[in-house]
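Okay, so here's the structure we're looking at.
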Protein chains: 2
Amino acid sequence: MKNCVHKHHKKKQELASLTGRLRREARKITSPRAAILEILRHHPHPLTIKEIFAELPKGGCDLATIYRAMQMLEKLGMVKRFDFGDGAARFELVGEGEDGHHHHLICTRCAGVVEIDECFPEEIERRIASVNGFAGVTHRLEFFGVCPGCQK
Amino acid sequence: MKNCVHKHHKKKQELASLTGRLRREARKITSPRAAILEILRHHPHPLTIKEIFAELPKGGCDLATIYRAMQMLEKLGMVKRFDFGDGAARFELVGEGEDGHHHHLICTRCAGVVEIDECFPEEIERRIASVNGFAGVTHRLEFFGVCPGCQK
DNA sequence: CTTAAGTTGCAAACGATTTGCAATTGAAAA
DNA sequence: TTTTCAATTGCAAATCGTTTGCAACTTAAG
Ligand SMILES: [Mn+2]
Ligand SMILES: [Mn+2]
Ligand SMILES: [Zn+2]
Ligand SMILES: [Zn+2]
């Protein structure tokens, strides 16, 4: 088996581990929540609410339930919210203990997504923070371009 | 007079130069448009539609007119649209010939904005593009933190 | 099994942005 | 200048993603 050189090939989290995190936070493991987590853990890229809704088994739950679930999961730090600038929030599972900070490269033609390992250079960010006297500085960063398949 | 070391201290554009650009593009110089440009050219940071609306002289124009004006100005490359992730688009004038690409540092407490000169390192972006076979790659990047005044 | 707090479905409410349309206006043409 | 007409505006209604109130329903305890 070849060695994996991509940091973003994060291992799929066990559903039991996810529900365990929920239980520990005194949250109920409901069927909508289990279904949502099940969908998220099978997807490597951030999903919109509608995408999650679409993947839900027949008779899935209400859209409002997904919105509420994502809010809660975000508050617990179990999912990370991303903004690709198209008006719809996207969510990706975050491994236990991790903060989920990372970036994406998005195809402006087909909306395809690539997980990116690079981050904005720490020392430059530190300089930006100190020069302006800001504390607790982070950043939101996404790349856009045309993927190989979409280049005519 | 001291030398200016901040690239973002861009000079205020003349209203005549702005209307000239409009005229050249076969757009009418209407009173709402002149008022909007006048407001934009007096502000160093991106403004939301509501902020522009609020600064409009009494009996200003309709919100829809501002939305339409910003769409047009953006298409002509006269303003650049920014997204601070709070659901409201922000617009900043772009100098003639420039593309307006730059970033901001936003205070998560008071929403104060600082114009940032730094950009994501070109060679890293180029590497991200080539590694993934993407063409025409750019990025959207904003920094967030707590400004000096808001640090208790 | 009983129970109470936590959750859900559904519909209404929201906030930002867009759009249809009739009335108005800027600026080219006469 | 005055005429003329496409471009533009105001207003209201429509969209879209997201949130919220509330009554009915579950989950996890006890
Ligand atoms: Mn990702
Ligand atoms: Mn700016
Ligand atoms: Zn593509
Ligand atoms: Zn502040």
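Letters go in sequence order (proteins before strands), and every chain restarts at 1.
Separating the CZ atom of Arg23(A) from the C1' atom of dA29(D) is a distance of 13 Å, rounded to the nearest angstrom. One interatomic measurement links the two molecules: CZ of Phe84(B) to P of dA16(C), which rounds to 16 Å at whole-angstrom precision. Atom-to-atom, CD1 of Ile49(A) to C1' of dT19(D) comes out at 12 Å; the value is rounded to the nearest Å. In this entry the distance linking CG of Leu63(A) with P of dT20(D) reads 16 Å, nearest Å. For the pair Ile52(B) CD1 and dA16(C) C1', the interatomic distance rounds to 14 Å; values are reported in whole Å. One atom, CZ of Arg81(A), and another, C1' of dT19(D), lie 12 Å apart when rounded to the nearest Å. Summarising the geometry, the separation between CE on Met72(A) and C1' on dT19(D) is reported as 16 Å, rounded to the nearest angstrom. Rounded to an integer number of Å, the gap from CG of Asp83(B) to C1' of dA16(C) is 12 Å.
Residue Thr30(B) places its side chain closer to dT8(D) than to any other of dG9(C), dT8(D), dA28(D). Among the nucleotides dT18(D), dT7(C), dT18(C), the one closest to the side chain of Tyr67(B) is dT18(C). Ranking dC21(C), dT18(C), dT7(C) by closeness to the Gln71(B) side chain, first place goes to dT18(C).
When only modelled atom types and interatomic distance are considered, Glu92(B) and His104(B) share a side-chain donor-acceptor pair under 3.5 Å. Glu55(A) and His43(A) are linked by a side-chain donor-acceptor pair at a separation below 3.5 angstrom, with hydrogens and angles left out of the test.
The side chain of Thr48(A) places no N or O atom within less than 4.0 Å of a non-bridging phosphate oxygen (OP1 or OP2) of dG17(D).
If you find the closest nucleotide of DNA chain C to Arg33(A) and to Arg27(B), the one lying nearer the 5' end belongs to Arg33(A). Comparing Gly87(B) and Lys28(B), the nucleotide of DNA chain C nearest to each residue sits closer to the 5' end for Gly87(B).
Ile29(A) comes within 4.0 angstrom of the backbone, heavy atoms only, and of no base. Counting any heavy atom pair closer than 4.0 Å across all strands shown, Arg68(B) reaches a base atom. Residue contacts for Ala64(B): at a heavy-atom cut-off of 4.0 Å it reaches a base atom on one of the strands shown.
Using the six-membered ring where Trp is involved, His101(B) and His103(B) have ring planes that are perpendicular, over 60° apart on the 30 and 60° scheme.
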### Message
Arg33(B) vs Arg27(B), test: side-chain contact (heavy atoms from CB on, under 4.5 Å). Steps then yes/no.
### Response
CA-CA 10 Å; Arg33(B) 287 177 181 177; Arg27(B) 291 318 200 307; 3.8 Å; yes
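Remark: Glu96(B) engages Arg24(B) in a salt bridge, criterion side-chain N to carboxylate O under 4.0 Å.
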